[in-house]
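All figures in this text were calculated on a predicted structure; none of them were measured in a lab.
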Amino acid sequence: MLQQTPVVRVLPVYLRWMERWPTPDALAADSPGDAVRAWDRLGYPRRALRLHAAATAITVDHGGTVPDSVETLLTLPGVGEYTARAIAAFAFGARTPVIDTNVRRVLSRVERGVDSIREPATAADRRELETLLPAEPAVAARFSAAVMELGALVCSAANPRCADCPLADRCAWHLAGHPAAVARRAVQTWHGTDRQVRGRMMALVRADHGAVARALLLAVTDDAVQATRSLDSLVADGLLVTVDGGRAYALPD
DNA sequence: CATCCGTGGGC
DNA sequence: TGCCCAAGGAT
């Protein structure tokens with residue numbers, strides 16, 4: 001849930017989710033469509049599908065127990081380098097570098113004196129952070145959580161609060177006078193994109209506990225070609241299934 | 001490896 | 001108002 005979504009928005013959904021599905025096998029026992037609906041408006045609903053698939057894999061392949069090694073966690077749907085290491089460190093106390101967007105920004109600023117441009121962490125980043133990790137695994141996990149919090153609350157992207165930062169007097173970026181990033185990764189456009197259209201369609205289906213007519217879904221945009229393409233892609237992604245001979249669409253069973 | 005994939009709050 | 005960005009991952 002936290003992949004690309006702020007903590008404050010995740011929290012209420014997470015609490016309801018864990019009350020309904022306290023264990024992987026509980027989630028796996030319900031339909032992927034139930035997961036997508038409970039996901040509500042967290043965005044990127046494919047994550048709900050993957051979380052359900054991960055719960056199924058844990059139930060079927062791992063006896064219902066969440067794997068504790070980074071290597072095995074990486075085999076789960078929707079679990080990449082960040083999530084695998086976050087689980088290993090925070091749930092199981094492993095000593096492994098955890099690099100999210102916050103840690104990457106702090107590392108880049110403090111150690112290299114350069115503002116990061118919101119790129120994914122590399123193996124080189126993990127090696128660098130590894131040299132800074134405390135030796136004791138439990139301390140290393142706390143260190144990672146602390147750096148993430150520092151990045152989220154103090155060393156933020158737009159308006160860093162350097163006056164409140166415990167690392168300000170040893171931060172290369174701060175000491176260099178906050179040099180601007182060399183190149184900023186282009187922000188993806190939003191208006192008129194398939195993502196926007198898909199989002200409108202999914203909102204309609206989430207709000208309706210039955211099936212939604214194809215014509216109603218296609219009406220979310222004037223662009224008929226885009227509407228068809230977007231609806232087809234939702235089916236291809238497994239987020240929707242056709243009902244009533246293709247005249248309507250519903251969440252997957 | 002570049003691109004795609006939602007949603008909403010802050011400024 | 002419009003732009004930026006947020007505990008990334010899959011293809």
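Across all strands, A/E81 comes closer than 4.0 Å only to sugar-phosphate atoms, never to a base (heavy-atom distances). Heavy atoms of A/V103 sit nowhere under 4.0 angstrom from any nucleic acid atom. Heavy atoms of A/D194 sit under 4.0 angstrom from primed sugar atoms or phosphate atoms, though from no base atom. The residue A/T101 sits close only to the backbone: its heavy atoms come under 4.0 Å of sugar-phosphate atoms, none of a base. Within the nucleic acid shown, A/R206 comes within 4.0 Å of sugar-phosphate atoms alone, with no base atom in reach, counting heavy atoms only. When heavy atoms are screened at a 4.0 angstrom cut-off, A/R195 is found touching base atoms of the nucleic acid. Residue A/T83 is classed as a sugar-phosphate contact, given heavy-atom separations below 4.0 Å to backbone atoms only. Among the atoms of the strands shown, only primed sugar atoms or phosphate atoms (P, OP1, OP2) are found under 4.0 Å from some heavy atom of A/G80.
A sub-4.0 Å separation between OP1 or OP2 of C/dG8 and a side-chain N or O of A/R47 is absent. Put simply, A/R50 has no side-chain N or O that comes within less than 4.0 Å of OP1 or OP2 on C/dA10. Between A/R105 and C/dA6 there is a side-chain polar atom (N or O) within less than 4.0 angstrom of OP1 or OP2. Regarding contacts with the backbone of C/dG9, a side-chain N or O of A/Q3 is found under 4.0 angstrom from either OP1 or OP2. Contact annotation: A/Q4 reaches the phosphate of C/dG8 (side-chain N/O to OP1 or OP2, under 4.0 Å).
Other residues, nucleotides and ligands place more than 12 heavy atoms under 6.0 Å from the CZ atom of A/R112. Other residues, nucleotides and ligands place more than 12 heavy atoms under 6.0 Å from the CZ atom of A/R229.
For the pair A/R104 CZ and C/dA6 P, the computed distance is 12 Å after rounding to whole Å. In this structure, A/R41 places its CZ atom 11 Å from C1' of B/dG6, rounding to the nearest Å. Distance, A/R200 CZ to B/dG8 P: 13 Å, rounded to whole Å. Between A/L234 atom CG and B/dG6 atom C1' the separation is 11 Å, expressed in whole Å. Remark: P of C/dG9 and CE of A/M1 are 15 Å apart, rounded to the nearest angstrom. Atom CG in A/D237 sits about 10 Å away from atom P in C/dT11, given to the nearest Å. We find that NE2 of A/H191 is positioned 14 Å from P of B/dG8, with the value rounded to whole Å. Rounded to an integer number of Å, the gap from CG of A/L11 to P of C/dA7 is 14 Å.
Donor-acceptor pairing under 3.5 Å, judged by distance alone, is present between the side chain of A/T5 and the base of B/dG6.
Relative to the side chain of A/A157, the nucleotides C/dC5, C/dA7, B/dG9 differ in distance, and C/dC5 lies closest.
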Verdict with supporting geometry, A/D115 and A/R105, side chain to side chain contact (heavy atoms under 4.5 Å, CB included): CA-CA 7 Å; A/D115 209 355; A/R105 183 173 54 250; 4.3 Å; yes

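A donor and an acceptor atom, one from each side chain of A/R198 and A/S233, are located under 3.5 Å apart. The closest side-chain donor-acceptor pair between A/T221 and A/D223, if any, does not fall under 3.5 angstrom.
Here the separation of C/dA7 from B/dC5, taken at their P atoms, is 22 Å to the nearest Å. Taking the P atom of each, B/dG6 and C/dT11 are spaced 14 Å apart, rounded to whole Å.
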Show me, pair by pair, the donor-acceptor contacts under 3.5 angstrom made by side chains of residues 129-147 of chain A, not counting sequence neighbours?
residue, atom, partner, partner atom, Å
A/E130, OE2, A/R95, NH1, 2.9
A/T131, OG1, A/E128, O, 2.6
A/S144, OG, A/A140, O, 3.3

